[in-house]
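Notes to accompany the following structure.
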Number of protein chains: 2
Amino acid sequence: MVSKKVLIVDDEFSIRDMLRMALEIADFECLEAENIQDAHRLIVDERPAIVLLDWMLPGGSGLELLRRLKKNDTTSEIPVIMLTAKVAEDNVIQGLDAGADDYVTKPFAPRELIARIKALLRRSAGGEQRDRLEVGELVLDVDSRRIFVANSPIEMGPTEFNLLQFFMSHPERAYTRNQLLDHVWGANVYVEERTVDVHIRRLRKALEGGIQDYSDLIQTVRGTGYRFSAKGVVSE
Amino acid sequence: MVSKKVLIVDDEFSIRDMLRMALEIADFECLEAENIQDAHRLIVDERPAIVLLDWMLPGGSGLELLRRLKKNDTTSEIPVIMLTAKVAEDNVIQGLDAGADDYVTKPFAPRELIARIKALLRRSAGGEQRDRLEVGELVLDVDSRRIFVANSPIEMGPTEFNLLQFFMSHPERAYTRNQLLDHVWGANVYVEERTVDVHIRRLRKALEGGIQDYSDLIQTVRGTGYRFSAKGVVSE
DNA sequence: AATTTAATGACATTAACGTGACATTAAAAT
DNA sequence: ATTTTAATGTCACGTTAATGTCATTAAATT
């Protein structure tokens, strides 16, 4: 398995250092931030698999960052473990209520923390995305990054593949161009909104090409954006 | 929300009782088991939303049950919180490794436990629920921005969709044209009052089009404006 | 019957989307 | 290192759908 990124958010150097060591032994890749601003930037840019978040931070409390993350669509799925020196029960409840996925009080044993990280990753990564998405005879194979229509492969560019993968894992839902840019291109990339249209066209063209025509799974939602739907459009 | 089932697995009556009280206050439905066999039967039969599992149990340790649950496909998605009197770090790691989703050591504060339960449920139930409005076989799907009549989609313009969405979320109430303009078009947009009539007509036409005719859900209130009502008009 | 109010059809205008071409960049092949 | 190929993002133009308005007709109210 490719080592996963863990973001450590703590203002004390000694703690970050200790965590980094423990995590690297357990074969994680570490990112570090010592304040809210850096942390948020790293989360958006690097998309870590998990965030270890200290309660007390300069420039706003960790709780604040946590709320911000859970509010935003593109970051709400990233699991967060809150770290705190405080043992006050109230903190735990506030943290969990704000959407923290786990909670560890200092001083903590590195091995326990690692076990908790693994438990969370197992949960968040495990349940969700399948390595094979299908609608009718249209099959998207995540591992080989290929699309099949009736068992024969069809060609498309990487972006079109990503777009289709996103659509197939989020069907029956209308997305704006900006949402698609965020999810498929990634945040912090600036491209014109209308570029999405062009890739939609390329994707539709590719889906036409096969033995069967699956291009109308990609539907235009006027005034909004696009939608992937197996439920079909209105017939005549 | 319908109250969710929580299974308490503990051999001590006093602990079960304490938990039951705390959980019922928090509006959960409680199931209880005092040994592995009963617990397993209840999990299979009742499918609780979450399991609170004591570490030490007669007839096999809780860890054993945990492994069994996580191995089986039909039960592996049920979150488990391990409860233990032991504070040994090793236990925590073993438990989390075996697939426990969280871990709480006795004595614990009921409020914390409730918060952890809610956090876990939020995460696992996080499998998205759709935002939809329905009247009979007329369904407005907010997420996909589509209207269905008897499960087949029908077409309408964005404004008609917004209008219908507003009506369906504010039924049985008459609105003036100006109120509709404010709510559906947005404040500080200037369009003629009579424009509303035209969109009402378009909406009615769209609602006629399907297999069934839902156009008389949109009722004219002479001298005032319009109303959405599922109660039907007075038949002559 | 006269008057008020709503429904309807038609139409010009505007906004949103589709499409082909092209320059630029990134990746592969040589 | 150089060439070839594919992918990407952007623009300009064509097309279609949506919108708002008005004149006319129909219906309800007085």
Side-chain angles (χ1 to χ4, degrees), chain A residues 145-147 153-166 174-182 184-209 213 215-228 233-234 236, chain B residues 145-147 153-166 174-182 184-186 188-209 213 215-228 233-236:
Chain A
R145 283 188 70 85
R146 271 201 299 187
I147 311 287
I154 61 176
E155 298 279 342
M156 64 179 67
T159 308
E160 284 73 44
F161 181 90
N162 294 337
L163 192 55
L164 184 58
Q165 179 174 1
F166 176 76
Y175 290 94
T176 66
R177 295 177 172 72
N178 270 313
Q179 287 176 313
L180 291 172
L181 285 173
D182 279 355
V184 178
W185 276 252
N188 83 328
V189 229
Y190 184 69
V191 280
E192 279 295 322
E193 268 201 352
R194 297 290 259 88
T195 298
V196 174
D197 298 30
V198 179
H199 285 277
I200 289 280
R201 176 170 58 86
R202 288 168 182 161
L203 177 54
R204 280 175 175 159
K205 202 161 208 167
L207 292 176
E208 266 173 22
D213 184 347
S215 63
D216 46 1
L217 294 178
I218 312 290
Q219 299 165 4
T220 303
V221 184
R222 260 180 193 259
T224 303
Y226 299 94
R227 159 184 61 209
F228 181 90
V233 283
V234 189
E236 81 269 17
Chain B
R145 277 190 76 82
R146 269 202 297 192
I147 311 288
I154 61 176
E155 299 272 4
M156 65 179 66
T159 308
E160 285 74 44
F161 182 91
N162 293 338
L163 193 55
L164 184 56
Q165 181 172 1
F166 176 76
Y175 290 93
T176 66
R177 295 176 171 74
N178 270 314
Q179 287 176 314
L180 290 172
L181 285 173
D182 278 357
V184 178
W185 276 252
N188 73 3
V189 197
Y190 185 69
V191 280
E192 278 295 321
E193 268 203 345
R194 286 278 152 199
T195 299
V196 174
D197 298 31
V198 179
H199 283 278
I200 290 280
R201 177 171 58 85
R202 287 170 182 158
L203 177 53
R204 281 173 173 158
K205 200 163 207 166
L207 293 176
E208 267 172 22
D213 184 347
S215 63
D216 45 3
L217 294 178
I218 313 290
Q219 298 164 5
T220 303
V221 184
R222 219 180 158 76
T224 305
Y226 299 94
R227 163 184 58 210
F228 181 91
V233 284
V234 192
S235 39
E236 67 270 22

Which one, [options], comes nearest to the side chain of [X]?
X        : options                : answer
B:His199 : C:dT4, D:dT19, D:dT8   : D:dT19
A:Val198 : D:dT10, D:dC22, C:dA6  : D:dT10
A:Arg201 : D:dC22, C:dC11, C:dG20 : C:dG20

For [X] and [N], give me the distance from atom [atom1] to atom [atom2], rounded to whole Å.
X        : N      : atom1 : atom2 : result
B:Met156 : D:dT19 : CE    : C1'   : 16 Å
A:Glu192 : D:dT10 : CD    : C1'   : 7 Å
B:Glu160 : D:dT19 : CD    : P     : 6 Å
A:Leu180 : D:dG9  : CG    : P     : 13 Å
A:Arg204 : C:dG18 : CZ    : C1'   : 8 Å
A:Asp197 : C:dG20 : CG    : P     : 14 Å
A:Arg222 : D:dT15 : CZ    : P     : 15 Å
A:Glu193 : C:dG18 : CD    : C1'   : 16 Å

Please check if the distance between the ring centroids of A:Phe228 and A:Phe166 is under 6.0 Å. no
Checking all strands, does A:Arg202 fall into the base, sugar-phosphate, or nothing category for heavy-atom contacts under 4.0 angstrom? base
Looking at every strand, decide which applies to A:Val221 at a 4.0 Å heavy-atom threshold: base, sugar-phosphate, or nothing. sugar-phosphate
Looking at [N], I'd like to know if its phosphate oxygens (OP1 or OP2) sit under 4.0 Å from a side-chain N or O belonging to [X].
X        : N      : answer
A:Thr195 : D:dT10 : yes
B:Thr220 : C:dA7  : yes
A:Tyr226 : C:dG18 : yes
A:Thr159 : D:dT8  : yes
B:Trp185 : D:dG20 : yes

Does the side chain of B:Tyr226 reach to within under 4.5 Å of the side chain of B:Asp197, using non-hydrogen atoms?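 Touching, per the 4.5 Å side-chain cut-off.
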Tell me if the CD atom of A:Glu193 is crowded by more than 12 foreign heavy atoms within 6.0 Å. yes
Answer yes if the side chains of B:Ser215 and B:Asp213 hold a donor-acceptor pair under 3.5 Å, and no otherwise. yes
Would you state whether a donor and an acceptor, one from the side chain of A:Arg194 and one from the base of C:dG18, lie under 3.5 Å apart? yes
Could you walk me through whether A:Arg204 and A:Thr220 pass the side chain to side chain donor-acceptor pair (under 3.5 Å) check? CA-CA 11 Å; A:Arg204 280 175 175 159; A:Thr220 303; 2.7 Å; yes
